[in-house]
Amino acid sequence: MDAISFKPELKKAEITEKMTEDNLIDETIKREPVQIISNSCISEGLDGGTLGAIYELTFCSAKIASAAKAGQFVNIYLPGGDKLLPRPFGISDVEKNIVTIVFAVVGAGTDRLSKLKPEMTLDVLGPNGTGFDCLQLKKNVVLVGGGLGVPPLLLAAKQISILKEKRTISVLGYRNEPFYLDNISKYSADTYGVSEGLINLNSLYKDTGNVLDVLKIIEENQALELEDTTVLACGPKPMLVALSEWCKKNNIPSQFSLEERMGCGYGACVGCVCKVKDENGNTERKKVCKDGPVFEGSSIIWE
Amino acid sequence: MGQFSKEVQLSGSKGDELLIVDLRINIAGVIWQNPVTTASGTFAANETGKYYDPKCLGAVTTKGVASTAWEGNATPRIAETYGGMLNAVGLQNPGVNAYIEGELKQLKSNDVTVIANVAGHSPNEYCEVVEKLNDTNVDMLEINVSCPNIKNGGISLGTNAKDVAELTRQIKRLTNKPVIIKLTPNVTDICEIAKAAEEAGADALSLINTLLGMKIDIRTRTPILANTTGGFSGPAIKPVAVAAVYRVANAVNIPLIGMGGIMTGEDAYEFLIAGATAVAVGTAALIDPVAPIRILKELEECCEKYGCPNDNFIRKWEKE
């Protein structure tokens with residue numbers, strides 16, 4: 001495997017301000033232009049149109065590539081002066097100096113992003129947020145992804161594969177055609193893909209359904225020692241809500257990557273809050289961009 | 001940053017004309033080393049402090065604090081608009097006690113000039129905060145009578161000249177620290193409110209706060225913001241802000257901090273010509289964490305290029 005800048009000797013990560021500072025790289029992270037290397041459509045949109053089409057964009061940034069932890073995201077700023085706010089995307093992959101993001105065209109901003117060409121420059125700020133805490137993982141790591149939540153799990157699978165004695169199982173759910181299934185399976189002991197539309201999937205369970213269906217089958221078949229398992233998840237809210245109940249029922253620790261409409265995307269505006277319980281059961285409003293996007297699953301208060 | 005003056009060859013000058021560019025201002029008795037501050041709600045010491053040293057700015061204005069911790073509004077709190085944004089954060093803040101022990105202490109230990117923005121649902125709540133801050137080493141107080149997101153005491157207070165005057169008088173009795181009243185543009189005549197605040201004893205005014213705005217998702221037919229409406233900010237509002245500063249500068253004699261859509265040093269220079277003594281950078285900092293520092297540098301360059309924008313600097317800019 002080529003050099004992935006993941007430092008296994010990370011100190012135990014408490015979620016405090018101080019620890020975040022210690023994890024900073026030496027150079028100041030700034031909003032800076034980067035060069036686009038590639039920008040290709042990996043899944044067609046609905047009815048062959050642009051809406052819902054999924055793109056994989058790679059850009060060159062040694063700074064971001066060397067600092068990125070799985071679960072972190074980057075702020076992408078669109079060219080042109082009319083759309084000011086950053087678009088935050090999870091970091092899906094890092095390879096030498098190249099950073100990969102995967103996004104769907106859901107509006108005018110992402111439509112503009114999908115039309116950018118290689119060698120154009122783009123302003124980027126990152127890596128932002130807390131990543132998955134890879135020091136708290138039990139022996140079995142179940143990566144659960146839904147739709148656009150799947151690609152960031154590639155970086156997670158890669159970084160976990162460096163740790164000793166971890167067994168990664170990936171459970172990936174899609175609306176239609178799968179993507180990132182093959183590349184994630186290279187870093188997983190087992191990979192299960194399901195789709196709400198029936199497709200040929202190279203997995204044990206070729207069926208329609210969702211990720212919870214797969215997990216229940218795994219549970220029934222006792223295919224996994226649940227008491228030695230951690231779940232890392234990234235995907236739409238209904239998936240996370242159902243998954244958190246399954247984890248609670250089976251007493252499985254979990255880390256969820258949350259999403260919320262962001263303003264600045266770096267912690268200044270207090271726009272993107274979510275509700276979590278602290279150790280004493282008090283409700284706190286935490287910033288998804290800065291205190292998250294990864295939170296301990298059982299602490300999240302769902303609304 | 002930190003130099004107080006420099007000699008600059010005037011561009012296009014005949015002979016050897018030199019201009020001394022000295023950006024220091026004295027605003028309501030407090031000396032700022034340059035006329036740039038942050039707009040309240042766009043600066044957080046822990047976060048922004050990772051990008052630049054806040055000591056480089058003339059002053060830093062912190063997010064509104066109330067007498068107790070406020071939760072803020074439900075999400076979504078943010079929406080994007082053409083050339084701007086809407087926010088309905090709702091003044092989520094940890095309360096004045098936590099502010100004094102936390103962010104204020106942190107900033108003052110680094111010798112930053114701090115303006116504490118004060119929020120409240122009622123005059124009593126504002127006064128409670130002012131009393132506590134009066135016992136600290138905060139440099140100035142900015143009274144947020146104009147945030148459009150709070151049901152009580154926000155939009156209603158700032159749109160009524162008599163209420164603003166009464167609150168200003170009450171606050172002035174509780175502190176010797178300079179009191180800045182932050183004006184809302186969501187009124188018929190901002191000059192009326194400005195004059196009322198001045199007569200009541202305000203030491204300075206800051207303007208403009210956000211405009212009232214809204215965005216509707218046409219697919220769901222519902223507002224994007226959970227709060228329905230929010231505050232509109234960003235480059236799209238600059239003309240409204242410049243007009244407000246220009247008109248208020250001609251209506252009052254106290255110094256003004258101008259803000260609203262400043263994205264570049266030239267924008268800042270424009271406000272200083274319009275009549276502001278200082279400027280604040282808000283939305284620009286949300287989309288580029290180092291914007292206030294960049295804008296300060298660009299403002300310096302503008303001054304070198306175009307000369308002194310107004311008579312409000314401490315040292316009269318001399319040509320030699």
Side-chain angles (χ1 to χ4, degrees), chain A residues 16-18 20-21 23-25 27-33 51 75-78 80-88 106-110 123-126 128-129 237 258-275 282-291 303, chain B residues 38-39 41-53 63-64 69-94 102 106 217 219 224-226 230 233-236 261 263-264 282-291 293-294:
Chain A
T16 62
E17 303 279 336
K18 267 187 118 265
T20 319
E21 271 175 66
N23 279 341
L24 272 187
I25 54 172
E27 296 174 293
T28 313
I29 304 166
K30 288 201 285 240
R31 170 176 166 163
E32 281 183 322
L51 191 67
N75 277 351
I76 306 280
Y77 300 87
L78 299 169
D82 55 322
K83 295 185 187 304
L84 299 177
L85 296 184
R87 269 72 180 152
V106 297
T110 38
D123 273 10
V124 170
L125 176 73
N128 293 340
K237 189 164 153 192
L258 296 185
E259 262 193 322
E260 189 59 66
R261 225 174 233 273
M262 292 182 184
C264 66
Y266 71 86
C269 75
V270 201
C272 62
V273 295
C274 65
K275 281 193 193 159
N282 299 320
T283 304
E284 284 191 282
R285 277 163 177 76
K286 293 287 193 184
K287 301 168 190 170
V288 171
C289 69
K290 202 225 161 213
D291 306 312
E303 295 187 303
Chain B
T38 56
T42 66
F43 173 88
N46 281 332
E47 281 71 339
T48 320
K50 294 191 180 99
Y51 296 95
Y52 65 86
D53 185 349
K63 187 171 171 67
W70 284 8
E71 289 179 350
N73 292 332
T75 57
R77 293 175 171 181
I78 305 284
E80 186 182 68
T81 62
Y82 194 105
M85 61 179 283
L86 296 172
N87 93 78
V89 173
L91 286 170
Q92 175 178 335
N93 77 92
Q106 186 183 346
D217 183 338
R219 283 170 285 201
I224 302 268
L225 300 172
S233 68
M263 303 290 287
T264 64
T283 303
L286 294 187
I287 63 172
D288 177 5
V290 300
I293 296 293
R294 171 182 56 76

Per-residue contact mode, B:Arg219 against chain A (heavy atom under 4.5 angstrom): side chain
Backbone N or O of A:Glu259 within a donor-acceptor pair of the A:Lys237 side chain at under 3.5 Å? no
Of the listed A:Asn75, A:Thr283, A:Val270, A:Leu125, the one with the largest count of heavy-atom pairs under 4.5 Å with chain B is A:Val270
Would you call the rings of A:Tyr266 and B:Tyr51 parallel, tilted or perpendicular, where under 30° means parallel and over 60° means perpendicular? perpendicular
Most chain A-contacting option - heavy-atom pairs closer than 4.5 Å, from B:Ala45, B:Gly72, B:Gly84: B:Gly84
Name the region of A:Lys275, side chain, backbone, both or neither, that has any atom closer than 4.5 Å to a heavy atom of chain B. neither
Using a strict cut-off of less than 4.0 Å between a Lys/Arg side-chain nitrogen and an Asp/Glu carboxylate oxygen, indicate whether A:Arg31 and A:Asp123 qualify as a salt bridge. yes
Please check: side-chain N/O of A:Asp291 versus main-chain N/O of A:Lys287, any donor-acceptor pairing under 3.5 Å? yes
Proximal component of A:Leu84, with respect to chain B [non-hydrogen, under 4.5 Å]: both
Check whether any side-chain heavy atom of A:Val273 lies under 4.5 Å from a side-chain heavy atom of B:Thr75, and answer yes or no. yes
